[in-house]
Amino acid sequence: MSPRSRLLAGFHATGGRADLAEHLRLWGPPPRPGGAEFIAAIEAAGLTGRGGAAFPTARKLRTVAAARKRAVVVANGGEGEPTSAKDRALLTLAPHLVLDGAGLAADAVGADEINVCVHDEETADLLRRAVAEREAAGLQWTPVRVHRMPGHYVASEETALVRWLDGGPALPTFTPPRPFEKGVAGRPTLVDNVETLAHTALIARYGPQWFRSAGAPDAPGTALFTTDGAVNRPGVYELPLGTPLTEVLRAAGGPSRELQAVLAGGYGGGWLAPAALGTPATQARLAAQGAALGPGIIVALPAGTCGIAETAAILGWLADQNAGQCGPCMFGLPAIADDFAALTHRPGGHRIRQRLERRLGVLPGRGACRHPDGAVRLARSALRVFAGHLERHETGSGCFTATAVSMFPLPHRDPQAAERSAS
């Protein structure tokens with residue numbers, strides 16, 4: 001098996017979705033090691049979460065397994081991040097690999113219930129059919145419920161997901177307690193991204209050393225990257241962690257035009273200048289550059305596009321998607337979005353920028369979730385990467401692209417989002 005093609009090996013072999021028969025032909029039936037053995041293998045593999053936070057997976061498993069109450073497993077396939085497509089691609093092409101991993105995790109933590117959460121009905125229907133296939137074949141040993149969750153940006157944050165499964169709004173809650181301490185119905189709950197769970201299914205089959213044969217020593221394994229923007233073949237690609245960003249872009253056919261910057265990590269990530277594209281794609285290395293890996297998002301911004309205007313548009317959308325529960329979201333995000341909009345369209349921006357930088361210094365780490373933190377990272381990176389362009393805005397010398405329609409997807413608000421803001 002190619003180190004670049006693990007999770008998507010079935011797709012590369014057949015060009016289509018792996019039903020249960022094809023899944024078993026490729027991988028065989030899922031093994032069922034003991035819980036301690038499974039968790040030890042995940043720890044030795046060094047697997048970290050692929051949903052964006054990169055938290056050590058074994059640590060979550062071990063904490064939930066040690067709890068006294070019966071546990072719950074939640075497979076998080078919600079992609080509130082508009083620039084991400086990797087979870088839907090994985091669930092469409094390899095649903096049984098995700099369900100294998102969820103079942104193994106349930107065994108390991110002593111759960112009697114698995115909840116799989118996705119945003120769209122098409123994916124939910126596909127998963128329900130996959131579960132039915134497994135039940136008919138006697139391979140679904142833990143009951144699975146598939147849920148279509150709300151589509152707004154913060155709904156897939158783990159505490160928001162738990163709150164929604166308990167019948168409340170899909171909004172983050174203050175922590176502690178974390179879901180692994182007190183989650184669905186007050187029970188210890190393992191919330192893992194669907195890609196993370198799929199990796200566990202392969203580690204159980206092939207072992208930690210096999211998993212570590214791809215990737216970087218401090219970031220082992222492969223990851224799914226959504227690569228978009230000014231590239232020749234936008235799409236989802238599986239690559240070893242630590243692959244330089246230049247190679248990530250090359251996997252997508254390379255840049256289609258001269259690049260001005262790359263957005264790494266999505267709307268909660270950060271901008272990188274072309275000179276930084278040799279950076280290895282790991283959470284730590286990108287964070288050191290003021291960006292993020294997040295859920296594996298790389299979007300190429302072409303030259304001739306206004307990075308300041310693009311950032312202003314994204315920040316305005318992020319402010320609109322706030323949870324409406326605490327000051328940093330309710331007041332801080334709209335304030336920095338307004339400042340960025342003013343920088344884009346109004347001369348005399350030096351005073352605006354000073355005010356913006358003061359606001360950026362007080363927002364991080366103060367909300368119920370990390371939504372404001374990601375917006376701050378994006379804004380700071382734009383001020384740094386587009387500094388020369390910003391000067392034209394500040395002096396009023398003009399920017400012919402400042403009023404261009406954003407090249408980034410900025411979905412309209414859904415009814416749940418409107419209800420959330422009104423509450």
Side-chain angles (χ1 to χ4, degrees), residues 7-8 10-11 16-23 50-52 72-106 111-137 139-171 179 183-185 189-198 201 224 226 236 295 321 409 411-417 419-420:
L7 302 177
L8 301 183
F11 170 74
R17 181 178 77 88
D19 61 11
L20 183 59
E22 180 63 22
H23 172 76
R50 298 297 197 255
V72 176
V73 168
V74 176
N76 188 354
E79 285 182 301
E81 168 60 65
T83 51
S84 180
K86 59 102 174 174
D87 288 343
R88 183 173 181 179
L90 178 64
L91 289 166
T92 299
L93 298 173
H96 291 286
L97 207 54
V98 175
L99 293 170
D100 279 355
L104 290 165
D112 60 1
E113 162 187 344
I114 297 169
N115 296 277
V116 185
C117 300
V118 296
H119 280 312
D120 66 287
E121 192 59 37
E122 183 181 355
T123 307
D125 284 345
L126 185 153
L127 282 165
R128 292 184 188 110
R129 293 196 299 272
V131 171
E133 282 186 293
R134 297 169 73 87
E135 289 173 343
L139 290 176
Q140 192 58 58
W141 56 87
T142 304
V144 174
R145 296 176 63 198
V146 178
H147 307 266
R148 183 184 174 189
M149 58 190 288
H152 54 265
Y153 188 74
V154 298
S156 55
E157 194 271 343
E158 64 174 9
T159 64
L161 198 48
V162 166
R163 190 176 183 182
W164 179 75
L165 287 168
D166 275 342
L171 300 175
V184 176
T189 301
L190 178 77
V191 183
D192 265 333
N193 175 258
V194 292
E195 182 189 342
T196 310
L197 292 169
L224 298 177
T226 306
V236 176
Q321 291 291 302
H412 294 295
R413 298 174 68 196
D414 59 12
Q416 289 89 351
E419 179 182 332
R420 180 178 72 253

For Ala75, side chain to side chain contact (heavy atoms under 4.5 Å, CB included) partners two or more places apart: Val116, Val194, Leu197

Nearest non-hydrogen partners of Pro95 and Ala18, listed with the distance: CD-O, 4.0 Å

Separation between CG of Leu90 and CG of Leu7, rounded to the nearest 0.5 Å: 6.0 Å

Audit row: Leu224, Arg50, side-chain contact (heavy atoms from CB on, under 4.5 Å) steps and yes/no: CA-CA 8 Å; Leu224 298 177; Arg50 298 297 197 255; over 6 Å; no

Note, Ser156 side chain near Leu161 side chain (heavy atom, < 4.5 Å): no

Set of salt bridge (charged side-chain N to carboxylate O under 4.0 Å, His left out) partners for Asp19, sequence neighbours left out: none

Reported CG-to-CG distance for the pair Leu99 and Leu91, which is rounded to 0.5 angstrom: 8.0 Å

Gap between atom CG of Leu127 and atom CZ of Arg145 - 0.5 Å precision: 14.5 Å

Polar side-chain atom of Arg148 near backbone of His119 as donor-acceptor pair, under 3.5 Å: yes

Residues that Asp100 engages under side chain to side chain donor-acceptor pair (under 3.5 Å), provided they are two or more places apart: His23, Arg134, Arg205

Ala111: side chain to side chain contact (heavy atoms under 4.5 Å, CB included) partners, not counting sequence neighbours: Ala71, Val73, Ala106, Val109

Straight-line distance of Leu126 CG to Arg17 CZ, nearest 0.5 Å: 4.5 Å

Pairwise side-chain contact, Pro295 with Glu195, heavy-atom cut-off 4.5 Å (strictly under): no

Shortest non-hydrogen contact from Leu104 toward Ala201: CD1-CA, 3.9 Å

Partners meeting side chain to side chain contact (heavy atoms under 4.5 Å, CB included) with Ala89 (sequence neighbours left out): Val236

Point-to-point distance, once rounded to the nearest 0.5 Å, from OG1 of Thr92 to CG of Asp87: 10.5 Å

Residues which pass salt bridge (charged side-chain N to carboxylate O under 4.0 Å, His left out) with Glu135, listed by chain and number, not counting sequence neighbours: none

Validation row: Glu157, Val191 side chains within 4.5 angstrom (heavy atoms): no

For Arg129, salt bridge (charged side-chain N to carboxylate O under 4.0 Å, His left out) partners two or more places apart: none

Residues forming a side chain to side chain donor-acceptor pair (under 3.5 Å) with Ser84, sequence neighbours excluded: Glu79

Met149 versus Trp164, closest heavy-atom pair with distance: CA-CH2, 3.6 Å

Pro143 side chain reached by Asp112 side chain, heavy atoms, under 4.5 Å: no

Contacts of type side chain to side chain contact (heavy atoms under 4.5 Å, CB included), residue Ala185, not counting sequence neighbours: Asp166, Arg187

Heavy-atom pair with the smallest gap, counting every atom of Ala102 and Ile114: O-CD1, 3.6 Å

Any residue meeting salt bridge (charged side-chain N to carboxylate O under 4.0 Å, His left out) with Glu158, in chain and number order, not counting sequence neighbours: Lys60, Arg178

Validation row: Glu122, Arg88 side chains within 4.5 angstrom (heavy atoms): yes

Closest heavy-atom pair and its distance - Ala160, Ala155: CB-O, 3.7 Å

Euclidean distance, Leu20 CG relative to Leu139 CG, rounded to 0.5 Å: 6.0 Å

Minimum side-chain heavy-atom gap Val154-Gln321 below 4.5 Å: no

Side chain to side chain donor-acceptor pair (under 3.5 Å) partners of Arg128, counting only residues at least two apart: Glu121, Asp125

Partner set under side chain to side chain donor-acceptor pair (under 3.5 Å) for Asp192, not counting sequence neighbours: none

Shortest non-hydrogen contact between Thr226 and Ala85, atoms and distance: OG1-N, 3.1 Å

